[in-house]
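The basis for the numbers below is simple: all heavy atoms, side chains too, and nothing from hydrogens, waters or symmetry mates.
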Amino acid sequence: MKILVLNCGSSSLKYQLVDMATETAMAKGLVERIGIEGSQLVHEKDGMDKVKIGAEIPNHTVAVQMAIDALTHAEHGVIADVKEIGAAGHRVVHGGENFADAALITDEVKAAIKECASLAPLHNPANLIGIEVCEKLLGVPQVAVFDTAFHQTMPEHSFLYGLPYELYDKYKVRRYGFHGTSHKYVSDRAAAILGKPIGELKLISCHLGNGASVCAIKYGKSVDTSMGLTPLEGLIMGTRTGDMDPAAVTYIMEKEGLSPTAMEDLMNKKSGVAGVSGLSSDFRDLEDGKANGHKGATLALQMYAYRVAKYIGAYTAAMNGVDAIIFTAGVGENGADTRKDVSEYLGYLGVAIDDEKNGKRGKELDVSTPDAKVRVLVIPTNEELIIARETIGLV
């Protein structure tokens, strides 16, 4: 069976067509900078050079259609007809407490995903668009794999907020965590790289992209993570505030005369490194800006590295130690400067990275010096493979 995997992020769409007989990607691609100037599709067929298609890509509907067109293209496509696709698997960010496992998509599941949209406003709507476009274009069984599932192992003292307990009972207000599929994949790979059973390791996984989260993984289970009820909590991100004093929300609303919807829009879509820098939410633009002396870009990158390092320190304390720190996702895998900036805060742990190794990209790497007490690993995430496996398991 050939399975189409779609991973609709806040400003990107990753896709793969996976041949499950061999668990290999026949083709994969990335539609990036959705809704941002300079958007493009980068498509890669196994054994061929990458194909880049620049276009105005205003939303995820256009992005999904472009991905399917690329897969069926006469020259760089890998299938002659969409009927060759047997099923579709989707990354869905928020499942609340309704889903601890993957689910075959039905009207009821779609309604549940929509119900959680207010908790993941940058993602669940995009996830639903991917599902609905595939319904129209493919007409095959579809599966939702939830980001929140991996974090269901968090203990109550970790996932609860300091609110009256009745609010958890009534509304399930708690920390859910996200990027679970990615954190699970890279932690399993880290154990293989280190040559130790995952049940003996304390790992900190840093999924750093336009959306970003840090996860404490003790003996193979998530015990804490930086994102919360929604993906807004935690690290400063591309356009999201991350942690801040809750009282600042009502203060700004009063001063600016903002409605709850407008304030939510400001915190999710107009803040983060984009808001601080006044330049861009794309870290490549920020790195260029920093190199050219842009003060806003420099400050945003400093804030970003500082907060990642703070979470690593906190989670080392939460697990009473750490064996390895993992960097993954777009910034984590490709941002050598960010990895170096974060690591410079962590010398007290015995973290030391080799600049030459750290300068490489695109593959699994241990970028630590030989004498480092805590290993620093770069592991390209493969959420798509996990999603494909979950999909074929259900269909």
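Looking at heavy atoms from C-beta onward, Val249 lies out of side-chain contact with Tyr251 at the 4.5 angstrom threshold. Using a 4.5 Å cut-off on side-chain heavy atoms (C-beta onward), Val331 and Arg339 make no contact. The shortest distance between side-chain heavy atoms of Thr239 and Lys270 does not fall below 4.5 Å. Using a 4.5 Å cut-off on side-chain heavy atoms (C-beta onward), Glu264 and Leu266 make no contact. Residues Leu17 and Ile79 have side chains in contact (heavy-atom distance under 4.5 Å, counting atoms from C-beta outward). Counting heavy atoms from C-beta outward, Cys134 and His90 have side chains that approach closer than 4.5 Å. Within the 4.5 Å cutoff, the side chain of Val273 has no heavy atoms near those of the Leu301 side chain. When side chains are defined from C-beta on, Val342 counts as touching Phe327, because their heavy atoms get closer than 4.5 Å.
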Show your reasoning for whether side-chain contact (heavy atoms from CB on, under 4.5 Å) applies to Val223 and Ile217.
CA-CA 6 Å; Val223 295; Ile217 304 167; over 6 Å; no
Full working for side-chain contact (heavy atoms from CB on, under 4.5 Å) between Met26 and Val18
CA-CA 6 Å; Met26 302 170 66; Val18 183; over 6 Å; no
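Exactly one of Glu115, Glu132, Glu135 qualifies for a side chain to side chain donor-acceptor pair (under 3.5 Å) with Lys110. That residue is Glu135. Screening Leu377, Thr381, Asn382 for a side-chain contact (heavy atoms from CB on, under 4.5 Å) with Ile379, the sole residue that qualifies is Leu377. Of the listed residues (Thr230, Leu160, Asp224), just one forms a side-chain contact (heavy atoms from CB on, under 4.5 Å) with Arg175, and that residue is Asp224. When the options Asn127, Thr181, Ile113, Val93 are evaluated for a side-chain contact (heavy atoms from CB on, under 4.5 Å) with Phe146, the one that passes is Ile113. For the side-chain contact (heavy atoms from CB on, under 4.5 Å) criterion with Phe178, the lone passing option out of His123, Met227, His151 is Met227.
Using a 4.0 Å cut-off between charged nitrogen and carboxylate oxygen, Glu23 and Arg389 count as a salt-bridge pair. Between Arg91 and Asp147 a salt bridge is recorded (basic side-chain N to carboxylate O distance below 4.0 Å). Comment: Glu333 does not engage Arg361 in a salt bridge, judged by the lack of any side-chain N to carboxylate O separation of less than 4.0 angstrom. Between Asp188 and Lys184, at least one side-chain nitrogen of the basic residue sits less than 4.0 Å from a carboxylate oxygen of the acidic one, meeting the salt-bridge criterion. In summary, Asp285 and Arg33 engage in a salt bridge, as defined by a charged side-chain N under 4.0 Å from a carboxylate O. No salt bridge links Glu384 with Lys28; every basic N to acidic carboxylate O contact stays at or beyond 4.0 Å. A salt bridge is absent between Lys83 and Asp81: the closest approach of a Lys/Arg side-chain nitrogen to an acidic carboxylate oxygen does not fall below 4.0 angstrom.
No chain of hydrophobic side-chain contacts below 4.5 Å, direct or via other Ile, Leu, Val, Met, Phe, Trp or Tyr residues, connects Ile193 to Tyr219. Tyr185 and Ile387 are members of different hydrophobic clusters when ILVMFWY side chains are connected at heavy-atom separations under 4.5 Å. Hydrophobic clustering keeps Ile129 apart from Val145 (ILVMFWY residues linked when any side-chain heavy atoms are closer than 4.5 Å, directly or through intermediates). Note on Met319 and Leu201: separate hydrophobic clusters, where clusters join Ile, Leu, Val, Met, Phe, Trp and Tyr whose side-chain heavy atoms are under 4.5 Å apart, directly or indirectly.
Dense packing is recorded around NZ of Lys357, with more than 12 heavy atoms of other residues, nucleotides or ligands lying under 6.0 Å away. By the neighbour-count criterion of 12 heavy atoms within 6.0 Å, atom OH of Tyr171 is sparsely surrounded, having that number or fewer from other residues, nucleotides or ligands. Counting non-hydrogen atoms of neighbouring residues, nucleotides and ligands closer than 6.0 angstrom, the CG atom of Asp49 reaches no more than 12 such neighbours. Taking a 6.0 Å sphere around NZ of Lys172, one finds it holds more than 12 heavy atoms contributed by other residues, nucleotides or ligands. Annotation: Asn320, atom CG; neighbour count of heavy atoms from other residues, nucleotides and ligands within 6.0 Å does not exceed 12. Environment of CD in Glu97: crowded, with over 12 heavy atoms of neighbouring residues, nucleotides or ligands closer than 6.0 Å. More than 12 heavy atoms of other residues, nucleotides or ligands sit less than 6.0 Å from atom CG of Asn59.
Pairing each heavy atom of Ser281 with each of Asn210, the nearest pair is O-ND2, 3.4 Å. When all heavy atoms are compared, the tightest approach of Gly95 to Cys116 is C-SG, 3.9 Å.
Remark: Lys50 NZ to Leu30 CG distance equals 9.0 Å, nearest 0.5 Å. Atom-to-atom distance recorded for Gln142:CD and Thr106:OG1 is 11.5 Å, nearest 0.5 angstrom. Once rounded to the nearest 0.5 Å, the distance linking CG of Asp354 with NZ of Lys360 reads 8.5 Å. Distance check: Cys8 SG to Tyr15 OH gives 12.5 Å after rounding to the nearest 0.5 Å. For the atom pair OG1 (Thr298) and CG (Asn292), the distance works out to 9.5 Å, reported to the nearest 0.5 Å. Atom CD of Gln302 and atom CD1 of Ile236 lie 11.5 Å apart (nearest 0.5 Å).
Side-chain contact annotation: Ser368 with Asp366, donor-acceptor N/O pair under 3.5 Å present. Side-chain atoms of Glu156 and Tyr168 form no donor-acceptor pair, as typed in the model, at a separation below 3.5 Å.
Taking the six-membered ring for Trp and the full ring otherwise, Tyr306 and Tyr345 have centroids separated by under 6.0 Å.
Cation-pi geometry between Arg307 and Tyr304 is not met at under 6.0 angstrom from the ring centre and within 45 degrees of the axis.
Looking only at distances, a side-chain donor or acceptor of Thr225 sits under 3.5 Å from a matching main-chain atom of Val214.
Taking the six-membered ring where the residue is Trp, His43 and His76 present tilted rings, their angle falling between 30° and 60°. Taking the six-membered ring where the residue is Trp, His179 and His207 present parallel rings, their angle staying beneath 30° rather than reaching 60°.
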